[in-house]
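Every chain is numbered from 1 and lettered A, B, ... according to where its sequence line falls, protein lines coming before strand lines.
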Amino acid sequence: MSDTRKPFPFSEFEPAWQARWETEKTFRTPGPGDAGFDPAKPKYYVLDMFPYPSGAGLHVGHPEGYTATDIIGRYKRMRGFNVLHPMGYDSFGLPAEQYAIKTGQHPAITTAANIITFRRQLKALGFAYDWDREIATTDPQYVRWTQWIFLQLYGAYFCESDHKAKPVSDLVAKGWTREQIDGVRLAYVADTPVWWSPDLGTVLANEEVEEWKGKGHTVERRPLRQWMLRITKYAQRLIDELDELDWPEGIKLLQKNWIGRSEGASARFEIIDFASTIEVFTTRPDTLFGATYMVMAPEHPFVAQITTTEQLAAVEAYQKACASKSDMDRGDLNKDKSGVFTGAFALNPVNGGRLPIWIADYVMMGYGTGAIMAVPAHDERDFEFARRFQLPIVEVVSGRVSGTPTLLEPFSDHGVAVNSGFLDGLATAEAKATMIDWLEAKHLGQRRIQYKLRDWLFSRQRYWGEPFPIVWKDGHHQAIPESELPLLAPPLDDYKPSGTPEPLLSKAREWVELPDGFVRETNTMPQWAGSCWYYLRYCDPSNTERFISRDAETYWTGQGGSAESGVPSSTGMIDLYVGGTEHAVLHLLYARFWHKVLFDLGHVTTPEPFQKLINQGLILGEDGQKMSKSRGNVVNPDDVVSEYGADALRLYEMFMGPLEQVKPWQMKGVEGVSRFLARVWRVAFEQDQAGTWQMSNKIADIPCADKELRRVVHETIKKVGEDIEKLNFNTAISQMMICTNAFTQAAVVPLAEFIQFLTILNPFAPHLSEEVHARLAVAFKFQPGQLSEVAWPGYDPDALVRSTIELIIQVNGKLRERVMISKDADEAAATAVALGCAKVKDHTDGKTIRKIVYIQGKLLNIVAS
RNA sequence: GGCGGCUUGGCGGAAUUGGUAGACGCGCUCGACUCAAAAUCGAGUUCUAACGAGUGUGGGUUCGAGUCCCACAGCCGCUACCA
């Protein structure tokens, strides 16, 4: 395609500016210790969620968030901030390994190729990253520090009295045994039932199961020895410390619900004719008098012991059915409760009731104690189960004002205790407290807080992940010395899963077997590991002594910079973090957890990583559906760039609508913003017969005589600045369109005003604005510095003032007339004008004027009836 | 089932946070330029012939409601027997 046919020659100047930014390192960000670092400058750290470099390359969702942060970063830079806006790659991951299984190609080769593609695509969009800070989680020097942080977790325990992590060396000093210490480490080994996928050859985290099942892989439940991270110890802090963060409320709520705190009590029930008790957790201890049976999870270890011989066959059959059923869609089973009686009975501690003990799959082993007291009158699930198996239903909470309870449906709200001995007449809240006191006094139970959050299953049996820096001997694990980091995986010839849960790395015998009977841990870390701390590494990416230097850490958290930075010392390090909602829970929760551990151990100085968070909305296809290959509605950013240019793509993605909103792609919209950019171009240039662009003689280096034009320019400077601060990019672009239309229609365009406009356009369309500016510099012989180095222009408030305004005249709240009037007109003057209007008379004739509402400079409402 | 979000012209979306509903862009219509087309420039474009009506529906508060309150409906996410 010939450039003369393009509306403006972006395909010539865009690559040229990108090359210049690269060779001149225009967007290099000096940090502490770097040449050119100015500690007096306030810092601004704006971060994107880094991409997984898939084989498919960038999709249009990536540039949405990336452009938003680029605009903010460039704007803050022009405002005098030292802006850190880095980019990197979350480059471990299953697809590269799946590819290796198919082709035998080492995942490192595929990953390196994909990174090259991503880097080229990102550079083609003109983002102002400091490329010297680029990182990939697969780099040995990055892996080194990921493993180092793992060792910090391994070497720490959670001190219950101080609510924080401390080194286990403290416990050694207190004389704890090795087993005791291994039992409290934040990274520990446990046999747990996990989701194992034979064809992927790895276990999956609970939250990953659905995703891979959806892709056609099989998963099954298996008890396996796995590495776990004790995130549950941080459950309360992960909830409480959300308060200080400037995050969307919806995301905070999502995290809170995921952690799932509930308050209640544990209670122990004696098993009749059996020297043991069953412990349950309940949020409604006040309903204990209404407990008529008990249920244990089918996999509860007690079941085998308490089951009577008569019931044994039925119980075992049910357990077996549940184990194989675990893979089926549980949704289908929700309607029909199932279960089997064990033959055993427990004693209700408050009233001596004989409670049959059942097993049923509606009770989960993983939550609470894996057993419940069933109160069918006041719990929907228990009610359903009781009806199905004809178990007694006893009402103990009354929510009705009067009348006999019908018990046609469970009543799970709060009310007043009835049929409950010493609780009778108490409101639910008091009844709960009274019952807990009673249980505690009798040593039958205690107040308890329960979380849904489980410890984090941290090991995978994959190849393409960080190996654990751990060795084993005689059944004990221990850390390898820090000096041996990074510990890299050995190359393999065959990446195929063996079909057994034996990790792939165990195939590398020479790597695994060490002198003196030591063997290496062969599990690898999940992909989350690298993304848990990458934002720290950007601050000091080539440090070989520490994962981040103390100086870099304090400076980029805002504690080492100028006091005037305007950013009060905050709890979070990053000023703005932009990314998709898909990471609302997992990534953001995991990263917060790691950060808090590092904080507790004194390695970082803020308790939170991300002060402010924004979720960009999904971009849908033109058909309003999610983009997918199978639907054929995927838009490739490369195609958009070659057809319309990088500036047009950037601008369009920002013009589509509010950043946080879900919105459909419209190719016609890209044409629209491309036309806008062409209009800006043609303010300065016109095409001659030969098709070359010549400087337009409309531009003149003279003071702006056109007051209206000047007002539009200054309104634009004001609005665009304010909109960028609020992340309202779409309306900022609208305003720049209005301004461009004013330039287009003006007979003369004053040079100074036009350059001010180009300056505010620069963060949005950096290539075009720089190119126009550079050409103006040649034509008007001024110093051709880069626009991106120029200070953000101020606006002149006087230029905004209008002497006359349009006054809206309403009668009974309905618009009837509009008149031009002095902005200072008082109520009497305005009323006189309004009553003189014919249309106003039409609507007030024969009525009495009751009231006049006058908003000066805006409107006048006549209330008449 | 639970939690969250959304609902404004033919379309994407604006609306100073209670004060002109529909900015800006797309599309469409007409005009200019052209032998013609594209591109560009200019005018118009919520509906209605008009009176009027109008921000998912119904009510309320107010001089005035897209905006605040109550009830309901429809779409979209996330989550799912969490005791």
Atom-to-atom span, [atom1] of [X] to [atom2] of [N] - whole angstrom:
{"X": "A:I259", "N": "B:C3", "atom1": "CD1", "atom2": "C1'", "result": "15 Å"}
{"X": "A:M365", "N": "B:C82", "atom1": "CE", "atom2": "P", "result": "17 Å"}
{"X": "A:D842", "N": "B:C51", "atom1": "CG", "atom2": "P", "result": "13 Å"}
{"X": "A:Y652", "N": "B:G25", "atom1": "OH", "atom2": "P", "result": "15 Å"}
{"X": "A:E671", "N": "B:G27", "atom1": "CD", "atom2": "P", "result": "7 Å"}
{"X": "A:Q661", "N": "B:G13", "atom1": "CD", "atom2": "C1'", "result": "8 Å"}
{"X": "A:K719", "N": "B:U16", "atom1": "NZ", "atom2": "C1'", "result": "9 Å"}
{"X": "A:D723", "N": "B:A14", "atom1": "CG", "atom2": "C1'", "result": "11 Å"}

Do any side-chain nitrogens or oxygens of [X] fall under 4.0 Å of OP1 or OP2 in [N]?
{"X": "A:Q745", "N": "B:G42", "value": "yes"}
{"X": "A:R675", "N": "B:C26", "value": "yes"}
{"X": "A:N741", "N": "B:G25", "value": "yes"}
{"X": "A:S262", "N": "B:A83", "value": "yes"}
{"X": "A:N730", "N": "B:C24", "value": "no"}
{"X": "A:R679", "N": "B:C41", "value": "yes"}
{"X": "A:R381", "N": "B:G1", "value": "no"}

Work out how far the [atom1] atom of [N] is from that of [M], and round it to whole angstrom.
{"N": "B:A73", "M": "B:A14", "atom1": "P", "value": "28 Å"}
{"N": "B:G22", "M": "B:G10", "atom1": "P", "value": "15 Å"}
{"N": "B:G56", "M": "B:C76", "atom1": "C1'", "value": "15 Å"}
{"N": "B:G25", "M": "B:G31", "atom1": "P", "value": "22 Å"}
{"N": "B:C51", "M": "B:A43", "atom1": "C1'", "value": "28 Å"}
{"N": "B:U61", "M": "B:G18", "atom1": "C1'", "value": "12 Å"}
{"N": "B:G19", "M": "B:C68", "atom1": "C1'", "value": "14 Å"}
{"N": "B:G52", "M": "B:U8", "atom1": "P", "value": "27 Å"}

Q. When syn is taken as a glycosidic angle within 90 degrees of 0, is B:U40 syn or anti?
A.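 Anti, which is what one calls it when the glycosidic angle falls more than 90° from 0.
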Q. Taking syn as any angle within 90 degrees of 0 and anti as the rest, which one fits B:G27?
A.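 In terms of base orientation relative to the sugar, B:G27 is anti.
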Provide the Watson-Crick or G-U wobble partner of [N], both distances under 3.5 Å; none if there is no partner.
{"N": "B:C11", "result": "B:G25"}
{"N": "B:A37", "result": "none"}
{"N": "B:C68", "result": "B:G60"}
{"N": "B:C51", "result": "none"}
{"N": "B:C6", "result": "B:G74"}

**Q.** Closest-nucleotide 5' rank along RNA chain B - winner of A:G366 and A:I738
**A.**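 Per heavy-atom nearest nucleotide, the more 5' residue is A:I738.
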Q | Nearest-nucleotide 5' precedence on RNA chain B, A:D382 against A:K851 | A | A:K851
What contact category does [X] fall into here, base, sugar-phosphate, or nothing, at under 4.0 angstrom with non-hydrogen atoms?
{"X": "A:I855", "result": "base"}
{"X": "A:R850", "result": "nothing"}
{"X": "A:V673", "result": "nothing"}
{"X": "A:Q810", "result": "base"}
{"X": "A:N861", "result": "base"}
{"X": "A:K858", "result": "base"}

If you only use heavy atoms from C-beta on, which nucleotide in [options] is closest to the side chain of [X]?
{"X": "A:T731", "options": "B:A83, B:U20, B:A14", "result": "B:A14"}
{"X": "A:K814", "options": "B:C63, B:G52, B:A53", "result": "B:A53"}
{"X": "A:I372", "options": "B:A14, B:U20, B:A83", "result": "B:A83"}
{"X": "A:S734", "options": "B:C24, B:C78, B:U20", "result": "B:C24"}
{"X": "A:L254", "options": "B:C78, B:C63, B:G12", "result": "B:C78"}
{"X": "A:Q666", "options": "B:A83, B:A21, B:G12", "result": "B:G12"}
{"X": "A:R454", "options": "B:G13, B:C63, B:C82", "result": "B:C82"}
{"X": "A:Y367", "options": "B:C82, B:G25, B:C41", "result": "B:C82"}

Ionic contact status for [Y] with [X], cut-off 4.0 Å:
{"X": "A:E279", "Y": "A:R448", "result": "yes"}
{"X": "A:D723", "Y": "A:K719", "result": "yes"}
{"X": "A:R711", "Y": "A:E708", "result": "yes"}
{"X": "A:E64", "Y": "A:K663", "result": "yes"}
{"X": "A:E686", "Y": "A:R682", "result": "no"}
{"X": "A:E715", "Y": "A:R802", "result": "yes"}

Q: Write down the atom of A:K823, the atom of A:V801, and the distance for their closest heavy-atom approach.
A: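 Closest approach of A:K823 to A:V801: CE-CG1, 3.8 Å.
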Under 6.0 Å between ring centres, would you say that holds for [X] and [Y]?
{"X": "A:F729", "Y": "A:F655", "value": "no"}
{"X": "A:Y652", "Y": "A:Y644", "value": "no"}
{"X": "A:W693", "Y": "A:F8", "value": "no"}

**Q.** Under 3.5 Å donor-acceptor pair, A:K668 side-chain atoms to B:C11 base atoms
**A.**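 Result: no qualifying N/O pair found.
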Q: Flag yes if more than 12 heavy atoms outside A:E380 fall under 6.0 Å of its CD atom; otherwise flag no.
A: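 Result for CD/A:E380: open.
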Q | Any residue of residues 277-292 of chain A with a heavy atom less than 4.0 Å from an atom of RNA chain B | A |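 The stretch gives A:F281, A:T282, A:T283 as the residues lying under 4.0 Å from the strand, ordered by number.
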Q: Using the six-membered ring wherever Trp is involved, compare the ring planes of A:W681 and A:F685 and label them parallel, tilted or perpendicular (cut-offs 30° and 60°).
A: tilted
